[in-house]
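Scroll down for the structure; my scribbles are underneath it.
Letters A, B, ... mirror the listed sequences (proteins, then strands); counts begin at 1.
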Amino acid sequence: MIEVELYRRLADRAVGRHVAQVEAPDGWFLKGGIDAASVATALEGREVLATRRIGKLLLVDTDGPTLGLRFGMTGRLIVDDTAAIDVLEYASGRDEARWDRFTVRFAGGGLLRVNDPRRLGGVELDPDTTRLGHDALSITAAGLRAALRSSAAPLKARLLDQARVAGLGNLLVDEILWRAGIDPARPAGGLTEAEASRLHRHLRATVRSLLADGGSHLGRLQASRLRGGLCPKDGAALLRRTIGGRTTYSCPRHQT
DNA sequence: ATTGTGGCCTGCCCGC
DNA sequence: TGCGGGCAGGCCACAA
């Protein structure tokens with residue numbers, strides 16, 4: 001989500017431009033029943049009006065359809081040969097033409113393209129946004145409490161559920177819960193008022209500071225988030241588990 | 001409805 | 001030096 005917000009700001013450069021040509025060489029990357037020809041027809045000649053972001057979904061509004069871009073973990077956005085992020089943790093720093101999954105060329109020059117080695121992202125027209133929860137960057141304490149309330153699922157699984165809170169990924173959730181000192185395996189609905197409030201405070205602060213720093217891979221836990229890693233706060237051996245289907249690192253000493 | 005599981009994409013890195 | 005296998009995260013289909 002942090003990365004996607006940086007991409008959104010980069011994509012803002014395209015506002016006011018007109019689409020001249022669309023290249024979509026990878027049919028697998030096109031979602032929602034569109035193909036290279038139909039997406040080109042739908043977008044060519046259109047003017048980019050605005051950009052938005054909901055969770056990990058980047059929306060590019062035009063005077064025609066809205067273009068929806070998803071990046072998975074390995075996708076990068078490049079606009080006019082400028083990348084918002086130089087290196088992604090799980091992607092190589094390389095930018096090979098064969099990994100260009102989707103390119104929009106603008107009238108008068110310039111382009112917007114998605115480069116994704118592992119094809120984890122995707123492109124969609126007028127994506128359905130009704131199933132996304134409150135965005136993590138703006139969620140209120142009451143909104144977070146409502147998202148967690150009366151759920152027996154592990155707290156981490158609930159936070160990763162995009163229909164409850166939109167925008168949190170695996171690394172970010174580990175970082176937030178580590179800072180908040182809460183065990184990711186706790187039932188989401190079992191938090192006290194004080195814990196839920198503490199979680200909300202750390203959630204907002206973590207997202208904001210990592211956004212300012214430039215990536216979710218820059219968290220204080222990240223360097224230790226590997227087998228045999230020690231807690232940067234108190235030196236305890238970190239616990240490595242699978243929670244919510246995701247590899248999870250947490251400190252058994254201060255996350256309770 | 002809620003919760004959990006497994007598969008998919010492909011590059012990279014480890015051990016042999 | 002090459003190769004096989006495991007791993008990475010987001011999302012989706014599917015099961016109970």
For [N] and [X] - does any side-chain N or O of the residue sit under 4.0 Å from the phosphate oxygens OP1/OP2?
X	N	result
A:Arg119	B:dT10	yes
A:Arg101	B:dC9	no
A:Trp99	B:dG11	yes
A:Arg98	B:dT10	no
A:Lys31	C:dC12	no
A:Arg70	C:dG10	no
A:Arg131	C:dC11	no

Looking at the side chain of [X], which of [options] is the nearest nucleotide?
X	options	value
A:Thr247	B:dC9, C:dA8, C:dC11	C:dA8
A:Pro117	B:dC9, C:dC7, B:dG11	B:dG11
A:Trp28	C:dC11, C:dG10, B:dC9	B:dC9

Legend entry - Separation between CZ of A:Arg179 and CZ of A:Arg198, rounded to the nearest 0.5 Å: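 Separation between the atoms: 14.5 Å.
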
How many whole angstroms separate atom [atom1] of [X] from atom [atom2] of [N]?
X	N	atom1	atom2	result
A:Leu226	C:dA8	CG	P	11 Å
A:Arg240	C:dG6	CZ	P	14 Å
A:Leu132	C:dC11	CG	C1'	12 Å
A:Arg76	C:dG10	CZ	C1'	18 Å
A:Arg149	B:dA1	CZ	P	18 Å
A:Leu160	C:dC11	CG	C1'	12 Å
A:Leu58	C:dC11	CG	P	13 Å
A:Asp26	B:dT10	CG	P	8 Å

Legend entry - Five-pair end axes of the helix from B:dT2-C:dA16 to B:dC16-C:dG2, angle between them (10°):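 Between the first-five-pair axis and the last-five-pair axis there is 40°.
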
Inset, instruction - Output every pair passing side-chain hydrogen bond (donor to acceptor under 3.5 Å, both in side chains) with a member in residues 107-116 of chain A, not counting sequence neighbours, ordered by first then second residue. - result: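 Passing the test, one end in residues 107-116 of chain A: A:Thr74-A:Asp116, A:Asp95-A:Arg113, A:Asp95-A:Asn115, A:Asp100-A:Arg113, A:Asp100-A:Asn115.
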
[X] side chain near [Y] side chain, heavy-atom distance below 4.5 Å:
X	Y	answer
A:His254	A:Cys231	yes
A:Ile176	A:Leu168	yes
A:Trp99	A:Arg119	no

Legend entry - A:Glu175/A:Arg220 ion pair, N-O < 4.0 Å: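 Result for this pair is no, no salt bridge flagged.
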
Inset, instruction - Measure from NZ or CZ of A:Arg225 to the centre of the six-membered ring of A:Tyr249 and say whether it is under 6.0 Å with the direction within 45° of the ring axis. - result: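 No, cation not above the ring by the 6.0 Å, 45° rule.
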
For [X] and [Y], test the side chains for any donor-to-acceptor distance below 3.5 angstrom and give the result as yes or no.
X	Y	value
A:Thr82	A:Asp80	no
A:Asp183	A:Thr256	no
A:Arg241	A:Thr248	no

Nucleotide N/O of nucleotides 2-6 of chain B paired with protein N/O under 3.5 Å:
residue, atom, partner, partner atom, Å
B:dT2, OP2, A:Arg164, NH2, 3.2
B:dT3, OP1, A:Ser151, OG, 3.3
B:dT3, OP1, A:Ala152, N, 2.7
B:dT3, OP1, A:Ala153, N, 3.3
B:dT3, OP2, A:Ser151, OG, 3.2
B:dT3, OP2, A:Arg158, NH1, 2.9

